[in-house]
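Structure first, commentary second.
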Amino acid sequence: MTNFFAKKLTVLAFLVVAASAFAMTDQQRAELEERIKPAGQVCMEGDSSCGSASAAGSAGSGKSAEEIYNTSCMACHTTGAAGAPKIGDAAAWEERLGKGIEEVYANAINGINGMPPKGTCMSCSDDEIKATVDYIVENSK
Ligand code: HEC
C-alpha cells in the first residue's frame, strides 16, 4: 500500500517538475519574442529608408503617392503633354472617371495610347500606381 502511494507521489513530483519546465520555456519564448519584436517594428509602411522591409509586403518603390507623382507623372500630367489629362483639371478627370475607377487604374498600370505603362515607374507596385491615381484624382476636384 505504501509502495503504491510512494509511486503516485513520484509521478506527481515528476509532473510538477515537468510543468515548471514548460513554464520556463514559455517564459523564455516570451522573452525571446520580446527581444525580436523591435527589429520587425522599425520599418513603417512608406518609409523609404528601409526599402527591404516594406518591399517584403508588396514589392514596390517604397515611395509615397506624392513622391511617385512628382518623379514619374508630373512631366506629362502637370503640363498636359501628349494630351495627358492635367492634374487639377476637374472636368477632364470627371470624364475619365465616368468609365469607373477600376478601368482608370488598369489604364494607368497597363498604359493606354500616350500613357506609358505605370507612367514609366517600373519599380512601382500596382498598389502604388493606384495610390498615385487616387492622389491625382484627389487633387483634381
Ligand atoms: C509620357 C507622358 C506620361 C507620363 C510620364 C504619365 N502619363 Fe498618365 N497619361 C498620359 C497620356 C497622354 C494620357 C491620356 C491617354 C489617353 O487616354 O489617350 C494619360 C492618362 C492617364 C490616366 C487616365 C487613364 C484613363 O483611363 O483615362 C491616368 C490615371 C494616368 N495617366 C496616370 C498616370 C500616373 C499615375 C503616372 C505616373 C506614375 C502617369 N500617368 C505618367 C501621359 C503620361
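Both counts, for ligands and for their atoms, begin at 1 and track the order of listing. In this chain, residues are counted from 1 in sequence order.
Of the residues Lys63, Lys118, Met74, the one that meets the side-chain contact (heavy atoms from CB on, under 4.5 Å) test with Ile68 is Lys63.
Cys121 has its SG atom within less than 2.5 Å of the SG atom of Cys124.
Looking from atom 29 (C) of ligand 1 to the surrounding protein, the closest heavy atom is Val104 CG1, 3.5 Å.
Here atom 8 (Fe) of ligand 1 is the vertex; the NE2 atom in His77 and the SD atom in Met115 give an angle of 180° (to 10°).
Taking each of Pro117, Gly111, Cys73 in turn, the one with a heavy atom nearest to atom 36 (C) of ligand 1 proves to be Cys73. Across the listed options Val133, Ile112, Thr120, Ile112 owns the non-hydrogen atom lying nearest to atom 15 (C) of ligand 1. Distances from atom 14 (C) of ligand 1 to the heavy atoms of Gly114, Pro116, Pro85 put Pro85 nearest. The option from Ser72, Ser61, Ala75, Gly80 that lies nearest to atom 5 (C) of ligand 1, judged by heavy atoms, is Ser72.
At under 3.5 Å, a nitrogen or oxygen of Asn107, whether backbone or side chain, sits near a nitrogen or oxygen of ligand 1.
Here Trp93 has side-chain heavy atoms under 4.0 Å from ligand 1, and that is the only part of it that gets that close. Residue Asn113 touches ligand 1 through its side chain alone, judged by heavy-atom distances below 4.0 Å.
Set against the non-hydrogen atoms of Cys76, the atoms of ligand 1 under 4.0 Å away are 1 (C), 2 (C), 3 (C), 4 (C), 5 (C), 42 (C), 43 (C).
Nearest heavy-atom pair, Ala108 versus Met115, reported as atom, atom and distance to 0.1 Å: O-CE, 3.6 Å.
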